[in-house]
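Some notes on the structure that comes next.
Order of the sequence lines fixes the chain letters, A, B, ..., with proteins taken first and strands second; residue numbering starts at 1 for each chain.
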Amino acid sequence: MKGRAPVSSSALVERALRGEHAAMARLMTRAEAGSAECRDAFAQLYAKTGHAHRIGITGVPGSGKSTLVSVLTRRLREQGRRVGVIAVDPSSPYSGGSIMGDRIRMSEHVGDEGVFIRSMATRGAHGGMARASLEAADVLDAAGFDYVIVETVGVGQAEVEIARAAHTVVVVSAPGLGDDIQAIKAGILEIADVHVVSKCDRPDANRTVSDLKTMLAMGMSIGPKAEWNAPVVPTSSARGDGFDKLIDALARHAQHLRDSDAGRERLRRIADFRMLKTAEDLLGERFRAARGGELAELSARLAERSISPYQAAERLLAGFTA
Amino acid sequence: MTRRSPDPAVSLSLQEQTSDWERNEVASFLERQKERKEQFFTFGGLPVKRTYTPLDLEGSSFDDIGLPGRYPFTRGPYPTMYRSRNWTMRQIAGFGTGEDTNRRFKYLIAQGQTGLSTDFDMPTLMGYDSDHPMSEGEVGREGVAIDILADMEALFDGIDLENISVSMTINPSAWILLAMYVALAQKRGCDLNRLSGTIQADILKEYMAQKEFIFPIAPSVRLVRDCITYCAQNMKRYNPINISGYHISEAGSSPLHEVAFTMCNLVTYVEEVLETGMKVDDFAPRLAFFFVCQTDFFEEIAKFRAARRVYAKIMRERFGAKNPESMRLRFHCQTAAATLTKPQYRINIVRTTLQALAAVLGGAQSLHTNGMDEAFSIPTEEAMKIALRTQQIIAEEAHVTEVVDPVGGSYYVEHLTNEYERKIFEILDEVEANGGTIKLIEEGWFQRHIADFAYEQALDKQSGAKPVIGVNRFHEPDEVVDIETHPHDPTAERRQIERLQRNRRERDNARVDALLDELVGVAKDENRNIMPVTIELVRAGASMGDIVERLKTVWGTHREVPVF
């Protein structure tokens, strides 16, 4: 690299806090790279977070999450709110899953200073994905966005956990997906603070809504007062239906978190998650630096079955101090 | 609806009085004490005002209220109602084999019950024989097991079928039970035209709500049609269908949707029968209904009154009925099982009493009051006796049966009745505009509305917004449940299967096979009635399973794939 020296991360933070989109984007890239240089700067940034309503949106592929996010973003903008979107979704149009989709769905937000959309590279980079995408969300939070939406595909524990590290978790279901897809979905329904049934312009969405409600009603216990019942919000991105209700449900959930112990518990859970994920990253990094040389050798022996996985692991760990 | 404008002078002064009252008495009272809620609603979610006056009936005429036994039958299907004859006290019963349930029937008759009602076990409801692998563990558990004509003979042994009406809660396999009933009556030398009773046979509400179906919708509706036309020609006093809102309600719908969806089904059945060339007045007098009585006392009364008026108007105005018998809605009523609780189960008697009273004030022709133990299992004799006594007290001690439609003219109830009528017709129009009942069943439209209300109710019960005494109010955490429930007899299954298999050995199998082949021919020809060959089959010893399994090869089955 000739000429200019790289801009320091703390200088980027200064500019990001002033709302410069370019600076935000560069900080996110550095978060993805996970370079040690930017850690102090991110600490500085983290101290300024805590104002945005962070919303995790997840659902199986084809459930219409991205279109939902696009319409939701538009509606929130119409109310004068600033909206940041982090898409952690290999199938997401923003991350190249569908270039056409990107143009069609999100082009309306191009050039709007009140919207920032960023897709996180997920392919081949599972390690550090949670830390990086949540740091990217920090950038938007600190830069004063009112809503920070983190969209992840609801397949795979890592992706689901990222969506869960939000104040409000929205799980999107859709009509007309195959049985195999529906089965995957079963595992993520329980994390929802708000259920959305998308594509409700389709007649078969009735079945999706009624089956979902029937199932949720059966799981309810009558008696001691429940603190929060996840509402079911039918939407149609094509017609723009249901978004007022969705925004209302998000606001009511935020209010519920403010008014109850659930809010503190939620923040503690998110803090736990972030601390552990960051520790995992750090550990992995230091581990590879210290013991990288031995890995190949032990792997070879393990493959030959001359040692067991446990024995190999014990030897790797022997003498390792972080 | 024809609207008559009220006397402007009277109306004006009443308007002024009302405003004055709100500014003075109401306002000063509210200053001292606020009302319990910002807004009040019926159980079904209709907003309710502080009080009602003639102003709330503006635009409706006395013709809509009318007189009992006269069009539009708002006040009752008959001019004298309970002054002539009380409603039929019809406690449902069914468990074990025909013999087991027969003993319960005789006990109930001895206790003063005036009609019979039969609950069948799951295999019978779904068309499986008791020895089918799907039936294992279910035979006689939640109802009586009926496979063959001999079971039916045991069920009604010693009961005079010409002198008691018998209702059978059966749907996709209803026509087979009707065939057995006919075969039994003929064997005893009864006159078919003297038999009174009902098969439920309302298959559309199964697709909407209860989900007990065998065949696809089209052949299922044809079976209903065949029952209706057969009865119209051969059983003048028998109700070939009980168009039912009850199960729609128990699946969680609002009272409004209960009635409105039932009327959608009515229209579909009537159109199906008219297709055969039969005249509406030839079969409509035997159409009967079945509604729940839910917890909102006045709303339920208004619901029943509105249902009668809507039915009368549909039959006369839409289908051109001329005979008043075709326009008078008669209904069986059951108190709302889903309102019963396990905690402090004895208080279910009180719930049931209030619901039963609303059913009587709403003009029911027949009533089942639930047993206090029905949140646990099928009821014991003791629970059934108390439930029956509840009806007897209402009939004999409460003096509510001396006047026909005693709540008629209540500004509130008349207003609610009008609201219900208006909304039911709106829903009928909406269904029509969107392609009709069967299309919307296939699209899950009805199911969606039912689930929406059920879900709201579940949320409200969980949050405490909807009080349930003993559960989310006045809950007793240390309660020890001391209930003795009806025991399941483990020998019933064996006894049942023995008879079924003995029958298979002893019958003329060649004849059964020949008749089953004939059945296939009838099934394939839309224009033929399936009843005669089915009667022949059950007489020859064919079982329900024989008939249903053979028809599955012709029509296939209906399946609903769960979304979640």
Side-chain angles (χ1 to χ4, degrees), chain A residues 59-60 63 171-190 192 194-195 197-234 242 245 249 252 256 260, chain B residues 207-211 248 250-253 257 338-344 375 431 434-436 438-477 479 559-564:
Chain A
V60 294
S63 57
V171 174
V172 186
S173 301
L177 301 176
D179 285 352
D180 44 344
I181 297 283
Q182 304 292 356
I184 302 167
K185 186 165 59 192
I188 59 170
L189 288 171
E190 63 220 35
V194 176
H195 287 281
V197 176
S198 63
K199 308 183 188 179
C200 280
D201 42 289
R202 295 171 45 148
D204 53 345
N206 284 320
R207 285 282 314 283
T208 311
V209 174
S210 36
D211 283 15
L212 179 60
K213 285 186 170 176
T214 305
M215 191 179 64
L216 294 172
M218 279 196 283
M220 279 177 205
S221 60
I222 310 175
K225 203 169 162 176
E227 296 222 309
W228 175 258
N229 283 306
V232 177
V233 184
K245 285 204 173 120
R252 281 190 295 116
H256 161 72
S260 68
Chain B
Y207 299 103
M208 282 181 184
Q210 190 167 240
K211 316 281 180 181
I248 295 172
E250 289 283 298
S253 93
H257 284 147
T339 64
L340 304 183
T341 60
K342 282 185 175 176
Q344 303 175 43
V431 167
N434 286 301
I438 290 177
K439 174 165 175 279
L440 291 190
I441 286 176
E442 284 164 349
E443 289 181 0
W445 186 90
F446 297 99
Q447 296 91 317
R448 163 75 185 279
H449 281 287
I450 294 168
D452 282 349
F453 191 78
Y455 186 63
E456 283 163 27
Q457 289 294 307
L459 289 177
D460 285 350
K461 284 182 191 169
Q462 185 162 300
S463 72
K466 182 183 162 51
V468 184
I469 303 301
V471 178
N472 62 16
R473 292 268 213 292
F474 313 109
H475 177 56
E476 293 172 352
E479 182 188 5
R559 296 210 80 149
E560 229 180 41
V561 183
V563 177
F564 290 94

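Residue contact with chain B, scored on non-hydrogen atoms closer than 4.5 Å, involves the side chain of A/Pro234 exclusively.
Atoms CG and CD, on A/Leu216 and B/Gln462 in that order, are 10.5 Å from each other to the nearest 0.5 Å. Atom NZ in A/Lys213 sits 8.5 Å away from atom CG in B/Leu459 (nearest 0.5 Å). Expressed to the nearest 0.5 Å, how far CZ of B/Arg448 lies from CG of A/Asp204 amounts to 11.5 Å.
In terms of heavy atoms, B/Gly444 sits closest to A/Asn206 at O-CB, 3.2 Å.
Atom NZ of A/Lys245 has 12 or fewer neighbouring heavy atoms from other residues, nucleotides or ligands inside a 6.0 Å radius.
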